[in-house]
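Inspection log for the structure reproduced underneath, given as C-alpha cells.
Naming: A, B, ... by sequence-line order, numbering from 1 per chain. For clarity, every value in this text was computed on a predicted model and none was experimentally measured.
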Amino acid sequence: MDDRHGISVTVNGRTYRREISGRTTLADFLRHELRLTGTHIGCEHGVCGACTVLLDGDSVRSCLMLAAQADGRQVETVEGLAAADGSLSPLQAAFIKHRGLQCGFCTPGMLMTLTELLRKQAAVTEHDVRLAVSGNLCRCTGYQTIVDAALDAAAAARGNDRSADAPSAGTASPRIEDRPLVLGQGCFVDDIDQAATLEVAFVRSPQAHARIVAIDAAEARSLPGVVAVFTLADLMEVLTDGQLPIQYPDPKLAQDLGSFVLAKDEVVYVGEPVALVVAESRYVAEDAAARVVVELDTLPAVTGCETCLSVPPPPVRTGRASNVVSDIRQSYGDIERAFASAHGTFSISLQQHRGCPHSIEPRGLIADYDKRSRRLTVWNSTQLAHELRVALMRMLGMDENEVRVITPDVGGGFGGKYCIYSDEVAVAAAAVKLGRAVKWIEDRREHFVAAVQERDQHWDLDVAYAADGRLLGVRGTLIHEQGAYILQGVNIAYNSATAFPGPYVLPAYDLRIVAATTNKVPTASVRGAGYPQGTFAMERCLDRIADMLGLDRVEVRRRNLIAADQIPYATPMKSRSGAAIVYDSGDFHAILDAALGAIDHAGFPARQAAARENGRLLGIGVACGIKGTGRGPYESGIVRIGPSGKISVYSGAAAMGQGIKTALAQICAEHFGVRPDEVTVVTGDTGAVPLGMGGFASRQTVTAGSSVHIAASRVREKVLKIASRLLEADEADLELVGGKVKIKGVPSDGLALHQIARVVHGSPGYSIPKDIGPGLESSEMFLPDGLTYGMGCHAVEVEVDPATLAPRLVRYVVVNDSGRLIDPASVEGQLVGGAVHAIGNALFEWMGFDDNAQPITTTLAEYLLPTATEVPRIKVLMPEYPTPLNPLGVKGVGESALLPAAPAIISAIESALKVPGLEIRAIPLSPSQLFALTRAVHPG
Amino acid sequence: MKPPPFRYHACSSLSQALDLLSSLDNAKLLAGGQSLMPMLNMRFVFPDHLLDINPIADLAFIRDEPEAMRIGALTRQHAIEVSDTVAQRHPILQEALAHVGHIQTRNRGTIGGSLCHLDPAAELPAVVTAIGGEIEVASARGRRTIPMAEFPAFYMTPAIEPDEIVVAIRLPHWAPGHGYAFEEFARRHGDFAVVSASVLVELAADNTVRRIAIVLAGIGTAPIRAAAAEQVLLGQAPTPEVVSRAASLCRDFEAKADPYASAAYRQHLAGALTERALRRALQRARPAGG
C-alpha cells in the first residue's frame with residue numbers, strides 16, 4: 001500500500017525532513033531512518049519503557065506512536081542529553097557514579113523518564129522516583145542504583161551535594177562499559193549498520209503438536225519487497241543436517257532430541273519455527289509471514305509431566321519411545337536407617353515454577369555471508385560466541401576460518417542467550433544461501449514462545465528428622481519439565497538435585513531425578529539454573545521441621561548448618577562429571593548471624609506484636625543457599641601490549657552487562673600500575689580469541705579472571721626482564737608504575753610500555769634475544785580443579801495486607817560470600833539484581849499454558865516482571881572468604897542471590913499470616929492463591 | 001511486531017474526521033494510542049484506514065460549567081491528573097488516575113480513548129460510571145448523549161455506531177464537600193486493577209447518607225453499580241456496622257475468573273475494597289450546610 005507522508009521532526013534541536021510510510025513507528029523512525037540508535041526497542045507493546053523519548057517535553061513510549069504523529073513536534077532522545085562538548089548531564093553522570101546501569105539496554109528509557117521527572121519536580125523522594133520509573137523495566141539492577149542515581153542528580157540540581165548521605169556507597173570507580181551506554185552510543189546487535197541488510201520474520205507454529213500437511217508460501221513470495229521464503233527443505237541445500245545436536249553431548253541421552261532448524265514434518269510446540277521470510281524490511285517480512293499458509297493436522301498435546309511416571313502420556317513427538325528422557329538418582333548414605341531411626345517424618349510436595357529470561361534486549365543476530373571469500377560473519381547477542389561458531393561450522397559444513405562470531409553489546413542474558421537455537425542457525429543458513437547480510441531481531445512475543453524457559457518442577461519428598469531438628473535423611477522424586485526438545489542437556493534437574501542439601505549436613509539422600517518432555521517451549525538454564533529450586537525445597541523442609549517440633553525456624557537452620565571447622569566440606573555428592581562436590585571455604589554460621597543482625601532479627605517479635613496491635617501483619621523469613629560457581633573447564637585470557645603501548649585483554653568470556661570487562665580490566669591493570677580504563681577488553685569475538693566457553697554458571701571472574709591474572713603477571717615479568725636489560729638494572733630494583741618501568745628511588749621518566757613493546761616488536765636485521773622472544777603477550781587457560789562454593793543468607797520482612805493478602809517486602813537483607821571482591825559495586829549489583837529476579841519468581845512471574853499447551857502469557861502485561869514500585873531497598877553485606885581454588889581467591893556471584901530469596905519470602909509470608917495449618921508449597925504465589933490457601937485451612 | 005499496512009490520515013478537524021469515518025470502509029480512530037498501538041503492533045487489528053484525531057485541538061479541554069464538568073475526549077490523562085478544576089469538582093478522577101498506567105502512558109493516553117477501550121478493570125470507566133457521567137458522541141448525522149451506565153454494549157465494546165466519535169464526557173457535579181474514594185488492588189502499580197471500588201457519597205445535614213454511588217470494576221465485563229449496597233446506606237447514618245453490611249453485599253456479584261485471580265478472590269476483594277473505600281469516602285464527606 002502506497003502510504004507515504006512527508007514529515008518534519010525536530011530531534012534534539014535538529015530538524016529532519018523525511019518521507020516515511022504511515023505505519024512506521026516513531027521508535028523505528030528514530031532508530032532506522034535517523035540512525036539514532038540510542039532509543040531502544042524492548043517490547044513494542046508499550047510495557048518495558050526502553051523506547052521512552054520526550055515529545056514536546058513529555059515522556060512517551062515511541063513504540064506506541066507513529067512517526068507521522070511527530071510531524072512538527074520536538075523530540076528529545078538520549079543522544080541529546082549530554083552537552084555538545086560531550087560533558088554528561090548530571091543524571092547521566094549520576095548513573096555512572098551509582099552504577100545505575102548494568103547491561104545498559106533499559107538505560108536510555110530510564111534516563112529520559114527521569115530527565116522529565118527532574119525537570120518538572122525540583123524535590124523528589126525515593127517514592128517519587130520509583131513511581132516515575134515504574135513503567136520502565138530493568139532486569140539487571142533491581143532498580144536500587146537507578147533510584148540512588150536519580151536522587152543524587154536531583155540533589156545536585158538543587159545545589160546541595162547529597163552524595164555524602166546517598167543510600168548506597170556510590171563511590172566505586174566508573175565501569176569501563178558505562179560512558180557510551182549513558183550517551184546512547186552503545187552498540188547492540190540491532191544498532192549495527194550493515195549496508196543492505198535484509199530482515200527476517202519467522203513463521204511459527206500456532207499449535208502445540210501437529211503434523212505438517214503442507215506449507216504454501218506462494219502468496220508470501222509474491223509480495224513486493226520479499227526476497228525469499230525458506231522452509232527446511234530449501235535450507236537443506238546449505239545445511240549438513242536439519243536437526244541440531246544436543247549442545248553438550250551426554251551419552252546417556254537419546255541423540256534425536258535436538259531441535260530442527262525449521263520444523264520438518266511435525267511441530268511440537270507453539271512457537272516452533274516452520275518457515276523463514278527474508279524481506280527488505282521487518283514490516284514487509286511480517287506481512288509476508290502472515291501470508292504463509294501452514295496446513296496442520298492436530299495431534300494430542302502433552303501439557304504437563306507431573307504424572308508421566310504413572311500414566312504414560314502420548315508421545316511428544318511421533319516415534320519417540322518415551323517422553324521421559326532422563327531418569328537418574330542422586331543417592332548417598334543409609335536412607336533406610338535414617339527413616340528407621342527418625343524422631344519424626346513427613347511428606348511434602350512442592351510445585352515450583354520459574355519463568356522466562358526476559359533480558360530487556362531480546363535475542364537477535366546479523367549473519368553476513370560473503371560468497372567470494374566464503375566467509376560467514378555473525379554478530380549475535382549471545383552468551384556463547386565460541387559455541388555458536390562450533391555449531392554453525394557443524395551445521396553449515398564450514399571450518400574455523402570460514403565462520404566468525406562477534407558479540408556486540410549484549411542487553412542482558414539471564415540464560416536466554418546461553419543456547420544454540422534453531423532460529424539462529426536458520427538465519428545463518430539463509431545468509432549463506434542468499435549471499436547477503438540478513439538480520440533477525442527476536443520480538444518480545446517470540447521471546448515468550450521461542451527463547452528457553454525453566455518452568456515446572458514437581459518435588460515429592462519424604463523427610464526424616466531427629467528430635468533436635470537435625471535432618472537425618474530425605475528421599476523422593478523430582479520431575480523436571482524439559483519442554484519439547486533438548487537444547488543443552490538435562491543439567492537443570494541435576495543442579496536442582498545437588499543444590500538440595502545446600503549448606504546443611506544431610507546424612508542420607510536418595511532422590512530420583514526425572515526429566516520429561518512436553519509439547520511446550522524447550523527449557524534450559526535461566527539465571528540460577530536449577531539451584532533455586534533445590535534451595536527452595538530444602539528450605540521448605542527446614543521450615544516444616546521447625547513447625548513440627550515447635551522450634552524457631554532460624555534455630556533449625558543453625559542446628560543443621562555445616563560448621564566452620566568442617567570446611568572444606570566434602571559432600572557425598574558428585575558433579576555430573578563425576579568430580580566430588582566440596583565446599584571450599586566459608587563460615588556459614590557467621591553469614592547467618594550477619595543476616596540476622598542486619599535485619600534485627602532479635603527485635604522482630606516486638607515489631608510484629610506492635611504491628612498486630614495496629615491490624616498489620618508482619619512476618620519474617622530467613623533462608624540460606626550455596627551456589628557452585630566458576631564452572632570450568634576453562635576460560636581464555638590473553639594479555640597483549642602492542643607497539644602503541646596499549647594494554648589489551650582478550651577473552652572468550654561473554655560480557656552481557658554484569659561488568660566482566662571492568663573486572664578483567666581491573667585484574668590486568670593492577671599488574672601494570674594503570675587505571676582500568678586504560679585497558680581495552682575484547683570479549684566474545686572468535687576472530688580475536690581462538691578458544692572460549694562463554695558466560696554462564698557464575699563463572700567468568702573465576703575462570704577468565706584467573707587466566708587474565710596469570711597472563712598479565714607473565715607479561716609483566718617479560719616487561720621487567722626487557723626493561724632490566726634496557727635500563728641495565730636488576731629486575732628486583734625495578735617498579736611498574738603508571739604504565740612505566742622505573743628504577744626504584746631514581747627520579748626519571750622511566751621506560752614506557754610502548755617503548756618496551758617496540759623493542760620486542762622487532763626490526764629487520766636486529767635480533768631479539770632468544771630468552772626473551774618477540775612480542776609482549778601471554779595467553780593463559782586457567783583450569784579450575786572444581787567449582788568454588790559461595791554461601792548466602794537472605795532475611796526478609798514482609799507485610800501482608802489483611803484485606804487483599806498482597807505481600808509487600810518491607811526490609812530485605814542479603815549476605816553473600818563471593819570470595820575476594822574484585823569490584824565490590826559490581827558484586828553488590830549482581831546480588832541486588834539477582835534478589836529482585838527471585839522476587840519475580842516468588843511472587844510475580846508465571847508462564848502460563850492452557851490445556852492445549854497454548855501459551856497464555858505472551859505479553860509483558862500478562863507476564864509480570866518486578867517493577868521499581870514492587871521491590872524493596874535491599875541491604876547487602878559481602879563478607880569475603882577467599883577460595884584456595886584460584887589465584888585470585890574469587891567466587892562467582894551472578895546467580896547466587898537467586899537461591900535463598902524465594903524461600904525466605906515465602907517463609908516470611910507464612911510468618912506474617914500465622915494461620916495454623918497454612919503451608920505454601922508452590923511458587924510463584926499470587927494473592928489469589930494465598931487467599932485460596934487461607935480459605936482451605938480456615939473456611940469463611 | 002510491526003503494524004500491518006494501513007493508510008494513515010491526520011485529521012485536523014472534527015468534521016474532517018467524521019466525514020472520513022462515514023465514507024471509508026474499515027477505518028479506525030487513533031486517539032492516545034496506548035491500547036490501539038499495541039494491538040496494531042501485535043497485529044490483533046487490521047484497519048484499512050487509521051484516522052489520527054490527535055491534531056483536533058478543540059477536542060482537548062476541561063471546562064467547569066454550571067451543572068457539570070465537561071472534559072474533551074482527547075484530553076490527556078495526565079492533564080486531568082493535574083487539573084485544578086478536576087481537583088475541585090471530581091477529585092476521585094485524580095485519585096483513580098494515580099493508578100492508571102505510568103507517566104509515559106498518561107502523557108499520551110486520553111480519557112475518551114480509555115472509555116472507548118472499555119477494559120473491564122480499567123479505572124476511568126469505573127469512576128465515570130460512579131459519577132453518573134454522560135458520553136457525548138458526534139457523527140456526520142448529528143450529536144447525541146449516552147449515559148455512561150449504558151455505554152458498555154458488550155465486552156470491551158462501546159454502544160456507539162461505526163460512524164460516531166466520542167467528543168466529550170459530561171460529569172455532573174456532586175455537591176461540594178462530597179466524600180470520595182477510589183480503591184483498587186492490582187498486582188503491580190500501574191497494572192489494570194484485579195478489582196476496584198469507586199465510592200462517592202453526599203451526607204445530609206444530619207449526617208445520614210443522602211446520595212451514594214458504589215461501583216465495582218474487574219468483577220464482570222463492565223463496571224457494576226452496587227445498588228443493593230447503596231440501598232443499605234441511603235438514608236442511614238453510616239456507622240461502621242452499616243458500612244460493613246453494605247460492603248459485604250458487594251461480595252455477592254457473580255465474578256469472572258482468570259489465571260490471575262479466582263472468582264472467589266475477586267468477590268472477596270470487592271467486599272474488602274468497598275469497605276475501605278466507603279470508610280475513606282465517609283471520612284472525607286462533609287454534611288450538607290456543614
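- Of the possible donor and acceptor atoms, none in the side chain of Asp58(A) sits under 3.5 Å from a partner among the backbone N and O of Asn107(B).
- If you take SG on Cys43(A) and CE on Met42(B), they are separated by 8.5 Å, rounding to the nearest 0.5 Å.
- No more than 12 heavy-atom neighbours from other residues, nucleotides or ligands sit within 6.0 angstrom of OH on Tyr155(B).
- For the pair Thr25(A) and Met37(B), the minimum side-chain heavy-atom distance is below 4.5 Å.
- Contact check for Thr867(A) versus His189(B): no side-chain heavy atoms found under the 4.5 Å cut-off.
- Heavy atoms closer than 4.5 Å to chain B are found nowhere in Gln929(A), neither backbone nor side chain.
- Using a 4.5 Å cut-off on side-chain heavy atoms (C-beta onward), Trp846(A) and Pro259(B) make contact.
- For Asp850(A), there are no side chain to side chain donor-acceptor pair (under 3.5 Å) partners, not counting sequence neighbours.
- The backbone N or O of Cys63(A) lies less than 3.5 Å from a partner atom in the side chain of Asn41(B), making a donor-acceptor pair.
- Of the residues considered (Pro4(B), Gly190(B), Ser262(B), Gly271(B)), Pro4(B) shows the highest number of contacts with chain A, using heavy-atom pairs under 4.5 Å.
- Both the backbone and the side chain of Ala261(B) come within contact range of chain A, with heavy atoms under 4.5 Å apart.
- Contact annotation for Leu273(B): only side-chain heavy atoms (C-beta onward) come within less than 4.5 Å of a heavy atom of chain A.
- In this structure, the side chain of His268(B) engages the main chain of Ala803(A) through a donor-acceptor pair within 3.5 Å.
- For the set Ser281(A), Ala68(A), Ala868(A), Gly848(A), the entry with the most heavy-atom pairs within less than 4.5 Å of chain B is Ala68(A).
- Residue Leu64(A) holds its CG atom at 5.0 Å from CD of Gln34(B), rounded to the nearest 0.5 Å.
- Top candidate by heavy-atom pairs under 4.5 Å with chain B, chosen from Ser134(A), Ala806(A), Ala201(A), Gly22(A), is Ser134(A).
- With respect to chain B, the highest number of heavy-atom pairs below 4.5 Å among Glu870(A), Arg282(A), Arg444(A) belongs to Glu870(A).
- In this structure, the portions of Tyr260(B) lying under 4.5 Å from any heavy atom of chain A include both its backbone and its side chain.
- At least one donor-acceptor pair under 3.5 Å links the side chain of Arg188(B) to the backbone N or O of Leu865(A).
- Interface summary for chain B: among Asp287(A), Val60(A), Thr113(A), Thr869(A), the most heavy-atom pairs under 4.5 angstrom belong to Asp287(A).
- Counted within 6.0 Å of NZ on Lys256(B), heavy atoms from surrounding residues, nucleotides or ligands total more than 12; the atom is thus considered enclosed.
- Side-chain contact check for Asp191(B) versus Leu864(A): some heavy-atom pair is nearer than 4.5 Å.
- At most 12 heavy atoms of other shown residues, nucleotides or ligands fall within 6.0 angstrom of atom CD in Glu254(B).
- With chain A as the partner, the residue from Ile103(B), Leu50(B), Val195(B), Leu269(B) showing the most heavy-atom pairs under 4.5 Å is Ile103(B).
- Side-chain N or O atoms of Glu286(A) include one that pairs as donor or acceptor with a backbone N or O of Met1(B) at under 3.5 Å.
- Formation of a donor-acceptor pair under 3.5 Å by the Arg187(B) side chain with backbone atoms of Leu843(A) is found in this model.
- For a residue to count as touching a neighbouring chain, one of its non-hydrogen atoms must lie under 4.5 Å from one of that chain's; by this rule Glu446(A) does not touch chain B.
- In this structure, Asp3(A) and Tyr8(B) approach most closely via the heavy-atom pair OD2-N, 3.0 Å.
- With hydrogens and angles disregarded, a donor-acceptor distance shorter than 3.5 Å links the side chain of Arg23(A) to the backbone of Pro3(B).
- Note on Arg445(A), Arg130(A), Met112(A): by heavy-atom pairs under 4.5 Å with chain B, the leading option is Arg445(A).
- Heavy-atom distances place no part of Arg266(B) under 4.5 Å from chain A, backbone and side chain included.
- Taking 4.5 Å as the limit, every side-chain heavy atom of His102(B) sits out of range of all side-chain heavy atoms of Asn136(A).
- Only the side chain of Thr52(A) has a heavy atom closer than 4.5 Å to any heavy atom of chain B.
- Rounded to the nearest 0.5 angstrom, Asp801(A) CG and Phe185(B) CZ are separated by 8.0 Å.
- If you measure heavy-atom distances from Phe44(B) to chain A, the contacts under 4.5 Å come from the side chain alone.
- Annotation: side chain of Leu55(A) is in contact with side chain of Arg108(B) (closest heavy-atom distance under 4.5 Å).
- Contact tally against chain B (heavy-atom pairs below 4.5 Å) for Gly49(A), Gly135(A), Ala132(A): the top residue is Gly135(A).
- Proximity to chain B is absent for every atom of Thr24(A), based on heavy atoms less than 4.5 angstrom apart.
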